[in-house]
Amino acid sequence: MTNFTALDIVGAVRGMVGFAAILFAPGYLVGSSGDLFRFRSRSFLERIAWAVALSFAVSPIFAILLGWLMSLRAVAAGFEVLAGGTVVAMLVQRRRFGIPWNRSTVLLASFGIVGIAVIVGSLVDIQQGNRLYLSVSVLDQAFRVAFTNGIFHTGIPPLNPLYRAGGVSPMRYYYFWYALCAVCMKVAHVSARQALIASSCWAGIGLIAMIALFARHFLDVRDRLYRVILAGALLLTVTGLDILPVFYKLFVKHSFSGDLEWWSKDQISSWFDSIAWVPNHTSSLLCCLTAFLLLWRTREAGPSRNNVAAIALAGVAAASAFGLSIYVAAGFAMLMAGWSAMLLLRKQETVLVARSAVAALVAGALLVPYLRSLMGSRSGTEGGANAGVSHLFQLGVREMLNAGHITGLPALASIHNSHPILLEQAARLTLLLPGYVLELGLYGLVLVLAICGWRSLSPSDRTAVGLALAGLVLVSFVRSAVIGNNDFGYRAALIPSFFLLLLTAEMLTRPKSSQWLALLLLIGLAGTGFQVLMLRVYVPLHVAARMPGFEGLPETAFATRAGYEVADRMIPATAVVQSNLIDPRSYFYVANMLYSGRAMVADAEVDCGAVFGGDPAQCASAQHAIRELFTLPAPSAEEAIARCHFWGIHYLAVARSDLAWEDTRGWVWALPVVGPAETDFRVVQCGTAPPTEP
């Protein structure tokens, strides 16, 4: 019997090695070939940090532009060549491989190893015999796996793998990170799931590298540099006071969620949450920070070849950031525009402002092909409209605490009836400060202390405080307009969060620090620990309690994965495989998305997945036709074949948990099976299989 847990752990490790060719080698060659900011004479650890930062900046846009011209296999070969060149360059500089092993570096290395183990352990399936226990993260990870598989099979630009109801449609999404994961699949010969897990580990590595670079080149820390870096890395395990409302729900309301952040309607994610759940947004943050740091470093000298290279690379980094996460990049652009305007009004750093403008032009030029593909692809909205919305953002007060606690008061009933929107926004504004107290915790106190000691701050510290404050104001009053979730508020908050982390790391390493800081640090650490624990125990606890929607889940998940493992070798990569369209938040549904590796006609969401590209006009009809296949009485084989032909479905996936399984006279038992037939899961062929990939 295959041990899927061991398989994924080994695959994730292989994926991490493969990602070294993507997220280390290019940056090392860029820094070394141009001797950027005296790269060759830097210490080995600093060269590693710069190599990682520069790779995050150049690899995404490099992969996309090359992918538009060539196959994905050629893109992977390009990164393999760069990896070989890096090995040669490092061998030439082998005398500079010394690492200052001291207490801080040993602890930092140990933290990195433990951190990788925690990330991998939080994301893989845990197998016990013929049962698979899923992580809560699969509710989001399943979609990212589908995107990665879609790019792996269709190349760049990709097709939307979640929608075929109106024919194939180009993907309308920020897909650069999934393109890198697809390249990793080619380089390391791993699955999309394993590549995505490895990418989360590299997002964490990138954050540590960025903390080191900002501590040295932005905060200009020298005498306690390694302590600040270690403190910053350890702070990645510290969140706000989220555990307090979570424990209130647990012990008073007797309910709990699968993730620590779900108590808040407009969460500010912990660092662990951002690394494990959304590495693409974290990576976009790293690109934005790299662009900022490159431009900041040009202040130290006049015009030079290095400065020209730094400005160009800043533009490259900004272009990569946009394709990794439109929301993080847009937030960064807004902050930089405001910062530049302030500098111009004060007649300060005008040269830096001009260089930033040049970098923005470089980014725009590099993004032309990607932007043209976005503009040319139709997309629906979450509500299933026939055309996309005309804007991405709207004004509105952030809602972390439920405004209903105020708007539902009997004393405000008349205002609620006459001016409901005004009352809603006023209630959100009232709850904004206590919401930030809970969400920021330690980092909020550090911000207050920094503001109180403004006059004693260095120019870089003042810049960090200013960007943190401006970022918090931005995400407090600007929100997403495309989907129901406030994705802009969630993701753009990473920018002020990083500068708050830097300030906190610096403050904690000073000779005297407040006991309140230590107390809030421990509460934040406990919050992240509880978050890691819940990712793993939430599903087993609900299975053990026989909660609705969890009965038989481990057995079905195992049967589904085992069935797809066999069928995968027999089903062409370009085939359309459709499963039951039950609740998209159901673990039964996401298990199919995780393991299928193929496109589907329609997603279970309201818009059939057309929000990622496509015309949702056929959505309702497609979903109705598919759902009828999985109900009782089950349609005949002839009816199933007719529907498959009409909607372009090649295979149907069905499990014992589906109602149609019970009808022994229906299509489930009449159509030819692909793979083993004597299991609790089967894939049946209902259409002519497409040709295999050349």
Side-chain angles (χ1 to χ4, degrees), residues 1-8 122-143 145-146 193 255-259 534-568 577-598 600 603-604 626-635 651-669 671 673-684:
M1 179 187 296
T2 302
N3 188 311
F4 292 116
T5 302
L7 189 70
D8 282 345
S122 298
L123 298 179
V124 299
D125 298 334
I126 300 298
Q127 181 174 341
Q128 292 183 354
N130 64 343
R131 296 173 179 158
L132 279 184
Y133 290 94
L134 307 177
S135 166
V136 177
S137 62
V138 299
L139 295 177
D140 194 70
Q141 195 182 56
F143 291 88
V145 168
R193 177 98 175 274
S255 66
F256 62 97
S257 302
D259 188 82
M534 290 311 299
L535 283 185
R536 287 268 54 124
V537 305
Y538 181 81
V539 171
L541 287 177
H542 279 65
V543 170
R546 300 182 183 277
M547 298 295 288
F550 289 85
E551 306 95 329
L553 174 61
E555 293 83 1
T556 300
F558 177 84
T560 301
R561 181 163 186 179
Y564 274 125
E565 284 285 318
V566 176
D568 183 66
V577 180
Q578 186 64 55
S579 59
N580 191 2
L581 295 180
I582 55 178
D583 184 349
R585 293 157 295 185
S586 164
Y587 290 89
F588 292 99
Y589 174 71
V590 299
N592 271 286
M593 292 183 66
L594 277 172
Y595 308 136
S596 169
R598 304 294 189 274
M600 61 179 68
D603 179 23
I626 293 168
R627 287 195 175 105
E628 281 193 337
L629 286 172
F630 293 88
T631 57
L632 287 176
Y651 300 89
L652 292 169
V654 59
R656 183 179 292 275
S657 56
D658 295 318
L659 292 176
W661 186 278
E662 301 174 12
D663 192 343
T664 56
R665 294 177 297 178
W667 61 268
V668 175
W669 304 98
L671 292 175
V673 179
V674 179
E678 303 300 324
T679 67
D680 291 339
F681 172 86
R682 53 173 51 194
V683 176
V684 299

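Just so it is clear, the model here is predicted, and its values are computed rather than measured.
- Annotation: salt bridge (Lys or Arg N to Asp or Glu O under 4.0 Å) contacts of Asp663 (sequence neighbours excluded): none.
- Within the 6.0 Å centre-distance limit, the rings of Phe630 and Trp667 are counted as a close aromatic pair.
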* To do: Using the salt bridge (charged side-chain N to carboxylate O under 4.0 Å, His left out) rule, take Arg561 and Asp8 through it: C-alpha gap first, then chi angles, then the decisive distance, then the call.
  => CA-CA 12 Å; Arg561 181 163 186 179; Asp8 282 345; 2.8 Å; yes
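- Around atom CZ of Arg627, more than 12 heavy atoms belonging to other residues, nucleotides or ligands sit under 6.0 Å away.
- Not a single donor-acceptor pair under 3.5 Å links the side chain of Gln578 to the backbone N or O of Met600.
- Residues Arg682 and Val668 meet the side-chain proximity criterion, which asks for heavy atoms closer than 4.5 Å.
- With hydrogens and angles disregarded, a donor-acceptor distance shorter than 3.5 Å links the side chain of Ser596 to the backbone of Arg598.
- For His542 and Phe256, the distance between ring centers is under 6.0 angstrom.
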* Verdict with supporting geometry, Thr560 and Asn592, side-chain contact (heavy atoms from CB on, under 4.5 Å) -> CA-CA 7 Å; Thr560 301; Asn592 271 286; 4.1 Å; yes
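- By the 4.5 Å heavy-atom criterion applied to side chains, Leu139 and Tyr587 are counted as neighbours.
- When side chains are defined from C-beta on, Leu594 counts as touching Arg193, because their heavy atoms get closer than 4.5 Å.
- Under the 4.5 Å side-chain criterion, counting only non-hydrogen atoms from C-beta, Val145 is not in contact with Met593.
- Side-chain atoms of Asn3 come within 3.5 Å of backbone N or O of Thr5 as a donor-acceptor pair.
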* **Step-by-step side-chain contact (heavy atoms from CB on, under 4.5 Å) determination, Met534 to Asp259** => CA-CA 6 Å; Met534 290 311 299; Asp259 188 82; over 6 Å; no
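- Under the salt bridge (Lys or Arg N to Asp or Glu O under 4.0 Å) criterion, Arg656 pairs with Asp680, sequence neighbours left out.
- The side chain to side chain contact (heavy atoms under 4.5 Å, CB included) with Leu535 is formed by just one residue from the set Val136, Val138, Leu134; it is Val136.
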* To do: May I have the step-by-step check of side-chain contact (heavy atoms from CB on, under 4.5 Å) for Thr2 and Glu565, ending in yes or no?
  => CA-CA 10 Å; Thr2 302; Glu565 284 285 318; 5.7 Å; no
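- Residues Ala660 and Leu632 share a closest heavy-atom pair of CA-CD2, 4.4 Å.
- Considering only heavy atoms from C-beta on, Phe588 stays 4.5 Å or farther from Asp658 through its side chain.
- At least one side-chain heavy atom of Leu629 sits less than 4.5 Å from a side-chain heavy atom of Leu652.
- Side-chain atoms of Phe143 and Asp603, non-hydrogen and from C-beta on, do get closer than 4.5 Å to each other.
- At least one donor-acceptor pair under 3.5 Å links the side chain of Ser135 to the backbone N or O of Ser122.
- Under the 6.0 Å cut-off for aromatic ring centres, Phe558 and Phe681 do not qualify, their centroids lying 6.0 Å or more apart.
- Pairs of residues two or more places apart, or lying in two chains, that qualify as side chain to side chain donor-acceptor pair (under 3.5 Å) and include a residue from residues 543-556 are Arg131-Glu555.
- Proximity of Asn580 to Tyr589: side-chain heavy atoms (C-beta onward) are nowhere separated by under 4.5 Å.
- Using a 30° and 60° split on the angle between ring planes, Tyr538 and Phe550 fall in the perpendicular class, above 60°.
- Smallest separation of non-hydrogen atoms from Val654 and Trp661: O-CZ3, 3.7 Å.
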* To do: Please report the C-alpha distance between Tyr595 and Asp568 in whole Å, then the side-chain angles of each, then the deciding distance to 0.1 Å, and finally whether the side-chain hydrogen bond (donor to acceptor under 3.5 Å, both in side chains) criterion is met.
  => CA-CA 9 Å; Tyr595 308 136; Asp568 183 66; over 6 Å; no
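- Here the straight-line distance linking atom CD1 of Ile582 with atom OG of Ser657 works out to 6.5 Å at 0.5 Å rounding.
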